[in-house]
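Below is one structure, written out as structure tokens; the observations come after it.
Note that ligands are numbered from 1 as they come in the structure, with each ligand's atoms numbered from 1 the same way. Both backbone and side-chain heavy atoms feed into the values below; hydrogens, waters and symmetry mates do not.
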Amino acid sequence: MKPEIVLMGGMMPHVMEALEAAYAVHRYDQAADKAAFLAEVAETARGVVTGGHHGDLDNAVVDALPKLEVISSFGVGVDHIDVGHAAGRGVVVANTPGVLNDEVANLAVALILMCSRQLVAADRYLRSGQWLEGAMPLQQAIRGKTVGILGLGRIGKDIAAKLQVFGCEVVYNGRREQAGQPYRYYADLVAMAKDSDYLVVICPGGPETEGIIDRAVLDALGPEGTLINVARGSVVDEPALVAALAEGRLGGAGLDVFAEEPKVPQALIDLDHVVLLPHVGSATVQTRKAMGDLVVDNLAGHFAGTGALTPVAAD
Ligand code: 8YV
């Protein structure tokens, strides 16, 4: 008998194939009557497969599945899952860390370069015929600039390492100072923002970090500073960001994530000196394939009795 699992939404074709081969798959997203669906699978469902793109996994769903053992989630961020609640129920939560570090770090560096050289505006400059009228104004070098990293985790460290090639000075802020890091630690985020030319957000989302990039941080970053966010929109007070950019209190922004994806405030879209990307940090064929494989491997490890490969630690 194949173990039974619940899918909160569709996954990539190679993931769907692997799951359907190994499990009896029940599609929550395709159920017209969610309560009836949950009642039907309550006594048999042992696994849930989800991802941030499927929205929040409600505790009510977890609680409706008393036989649930494991939640395998696509993506490194688990802010859409109440990990503590799942742990309290004895349910293992697994995510897909590691395999996307390189890609997300590349995108953070790309956003810094896009902002410093105004590359998106430069493209518009050519296409609109402005080049025929004269050269585009000179832009900023990043060599010698200070990049403050909020969240020196696995991806944050990769960003820091890549920035060495560009001659940037890297500093960081996070919950605590990390031993053996070559980068200066700031215990205070506002103080770091004040000393930074670029502030890169790469900390986890969720209640602990909600809105911590607030007006005070943005004002400290200042009119010459640029905010880069490749983490979660929730970390930034978005109305405060829009106001700071519109009023010239903040120099620019490179954003891959937003508060209410895929909705992006029109006021941001209307601004010229921001680069806006549709949450593509990990979005390459190779990385998404590896993330999908890990979703499958985490489940396989759990059901083989050897354990999920990359379980999330509940604090
Ligand atoms: C994914 C991400 O696109 O890994 C993450 O946390 O934000 C992205 O890589 C997203 O999680 C899809 O569910």
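Taking the six-membered ring where the residue is Trp, Y172 and Y185 present tilted rings, their angle falling between 30° and 60°. Using cut-offs of 30° and 60° for the angle between ring planes, the F37 and Y28 rings count as perpendicular.
Near ligand 1, heavy-atom contacts under 4.0 Å come from G51, G52, H53, F74, G75, V76, G77, L100, R232, H279, S282, R288, M291.
Salt bridge absent: E169 and K145 never bring a charged side-chain N and a carboxylate O closer than 4.0 Å. A salt bridge does not link D158 to K162: none of the charged side-chain nitrogens sits closer than 4.0 Å to a carboxylate oxygen. The pair R215-D237 fails the salt-bridge criterion, with no side-chain N (NZ, NE, NH1 or NH2) lying under 4.0 Å from an Asp/Glu carboxylate O. Between E208 and R175 there is a salt bridge, with a side-chain nitrogen of the basic residue lying less than 4.0 Å from a carboxylate oxygen of the acidic one.
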